[in-house]
Number of protein chains: 2
Amino acid sequence: MVKYVGPSLDATFSALADPTRRAIVARLGEADPSRGVSVGELAEPFDISPPAISKHLRVLEHAGMLTQQRDGRVRRCRLDPKPINEASQWIEHHRQFWNHQLDALAGFLENAGGDDAGFGIDSNGPGEEGGP
Amino acid sequence: MVKYVGPSLDATFSALADPTRRAIVARLGEADPSRGVSVGELAEPFDISPPAISKHLRVLEHAGMLTQQRDGRVRRCRLDPKPINEASQWIEHHRQFWNHQLDALAGFLENAGGDDAGFGIDSNGPGEEGGP
DNA sequence: CATACACTTAACCATATGGTTAAGTATGTA
DNA sequence: TACATACTTAACCATATGGTTAAGTGTATG
C-alpha cells in the first residue's frame with residue numbers, strides 16, 4: 001500500500017542529516033578522487049575525537065556513500081555518488097508535484113481573492129533554482 | 001572553520017530519513033493544496049497509532065516543511081516546500097563537484113590502464129536524470 | 001447538555017545516535 | 001626488534017527517536 005523504496009534512502013538522508021557528515025561529504029567531493037582523502041585529513045577540521053570520525057565514516061559507508069581502501073597505514077576515502085543521486089532523484093521527482101501544487105494554490109488564492117484563505121504560503125525563491 | 005549552514009538542513013534531511021515521513025510528504029505533495037490533507041487522511045495508510053502520526057507531523061512541522069490549520073475538528077496539513085528546496089539545492093550544488101570528480105576519475109583510470117586502481121566506482125545512470 | 005469524533009499531550013519503553021576514553025591492530029620507521 | 005603512526009573496536013554515557021497506551025482538549029452533533 002505504502003510504496004516502500006528500500007532502506008537506502010533512509011540511510012542516505014539520515015547520513016546527510018548530520019553537519020559533520022555533510023562537511024565530510026563536501027570535502028570528499030572537492031578532493032582529487034584518484035588520491036582520495038585520508039581519515040586524518042577528513043578529521044582535521046573538526047575538534048572531535050578520532051573514534052567519533054570513525055563512526056561518522058562508518059555511517060557514510062553503511063549508506064553506500066563512501067568507500068575506503070588501505071594505502072599503507074592511511075585509509076583513503078572516496079565518494080560513491082550513487083546513493084546521493086538516488087536521494088536527489090527522490091527530491092526532484094516530488095518537487096515536480098510541489099511546484100505544480102504551488103501553481104494550483106496561486107490560482108486558488110487568486111480566485112478566492114486572498115481573503116478566505118490566509119495560508120501563509122510563500123512560494124519564494126529557490127523553487128526553480130536547482131530544477132530543470 | 002567548518003562552514004555551518006544552520007539547523008534547517010539538519011532538520012530537513014533528518015525529517016526525510018524516515019519512510020513514514022517521506023510517504024506523508026509524498027502524499028501532501030499529491031494533494032490539493034487548497035484543501036490540504038487532514039491528519040486522519042494522512043494516517044490512514046499506516047498501521048501506527050495516532051500519537052505516532054502526530055509525532056511525525058511535529059517533526060515535519062519543526063523542520064518547517066508542514067503547516068497545519070484547524071478546520072472544525074480536523075487539522076488540514078499542507079507542505080511548505082522551502083526547506084526541501086534548500087536541501088535540494090545543497091545536494092545539487094555538491095553534485096556538480098561529484099560529476100566533475102567522476103570525469104576526472106574516468107580520465108585517471110584511462111591513464112592508469114584500469115589495472116593499478118581497482119576502485120569499484122560505478123559512474124552509473126542517475127547522475128544526470130534529475131538535473132537541468 | 002451529553003456524547004462521539006479528531007486529534008494532542010503525557011508518561012513510558014526500547015533502540016539508535018553522537019560523543020567520550022581506553023585498549024587493540026596494522027603498518028611504516030629507527 | 002622496538003616504537004611511533006593511523007587508525008578501529010570496545011565499553012560506556014547522555015540524549016534523541018519511534019513506538020506504545022492512557023488521559024486530555026476542542027469541536028460537532030444527538
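Bear in mind the structure is a predicted one, so any value in this text is a computation, not a measurement. Residue numbers begin at 1 in each chain, while the letters A, B, ... track the order of the sequences. Scope of the values below: all heavy atoms of this structure, side chains included, with no hydrogens, waters or symmetry mates.
- Between E44(B) and R27(B), none of the side-chain N atoms (NZ, or NE/NH1/NH2) sits under 4.0 Å from a carboxylate O, so this pair counts as no salt bridge.
- From C77(B), atom SG reaches atom CD of E41(B) across 9.5 Å, with rounding to the nearest 0.5 Å.
- The nearest whole Å value for the distance from the CG atom in L57(A) to the P atom in dG18(C) is 13 Å.
- Between H56(A) and dG19(C), a side-chain N or O to OP1/OP2 separation shorter than 4.0 Å is present.
- Distance CG (D18(B)) to P (dT17(C)): 12 Å, rounded to an integer number of Å.
- Residue E41(B) contributes atom CD, which lies 15 Å from atom C1' of dC5(C) at whole-angstrom precision.
- Using a 4.5 Å cut-off on side-chain heavy atoms (C-beta onward), D10(A) and P19(B) make contact.
- For R76(A) and dT27(C), the CZ to P distance is 15 Å, given to the nearest whole Å.
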Base, backbone or nothing for each nucleotide of nucleotides 20-30 of chain D, written B, S, -, heavy atoms under 4.0 angstrom, 5' to 3'?
-> BBB---SBS--
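- The separation between H62(B) atom NE2 and dT17(D) atom P is 9 Å, rounded to whole Å.
- At the heavy-atom level, R21(B) lies under 4.0 Å from the strands shown only through sugar-phosphate atoms.
- In this structure, Q68(B) reaches the sugar-phosphate backbone alone: every heavy-atom distance under 4.0 Å involves primed, P, OP1 or OP2 atoms, never a base.
- Taken over five-pair windows at either terminus, the axes of the helix from dC1(C)-dG30(D) to dA30(C)-dT1(D) are inclined to one another by 0° (rounded to 10 degrees).
- Atom C1' of nucleotide dG18(C) and atom CZ of F13(B) are separated by 19 Å, given to the nearest angstrom.
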Stepwise salt bridge (Lys or Arg N to Asp or Glu O under 4.0 Å) test for R95(A) and E92(A) | CA-CA 5 Å; R95(A) 286 222 306 157; E92(A) 293 306 318; 3.5 Å; yes
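- Computed from coordinates, the R75(A) CZ to dT27(C) P distance equals 9 Å when rounded to whole Å.
- To the nearest 0.5 Å, atom CE of residue M65(A) and atom CD1 of residue I24(A) are 10.5 Å apart.
- Taken from CD1 in I84(A) to CG in L60(A), the straight-line distance is 8.0 Å, to the nearest 0.5 Å.
- Distance check: T12(B) OG1 to H62(B) NE2 gives 10.5 Å after rounding to the nearest 0.5 Å.
- Taking NE2 of H93(A) as the start and OG of S88(A) as the end, the distance is 13.0 Å to the nearest 0.5 Å.
- Annotation: side chain of H94(B) is not in contact with side chain of R22(A) (no heavy-atom distance under 4.5 Å).
- If you take CG of L42(A) and P of dC7(D), they are 9 Å apart, rounded to a whole angstrom.
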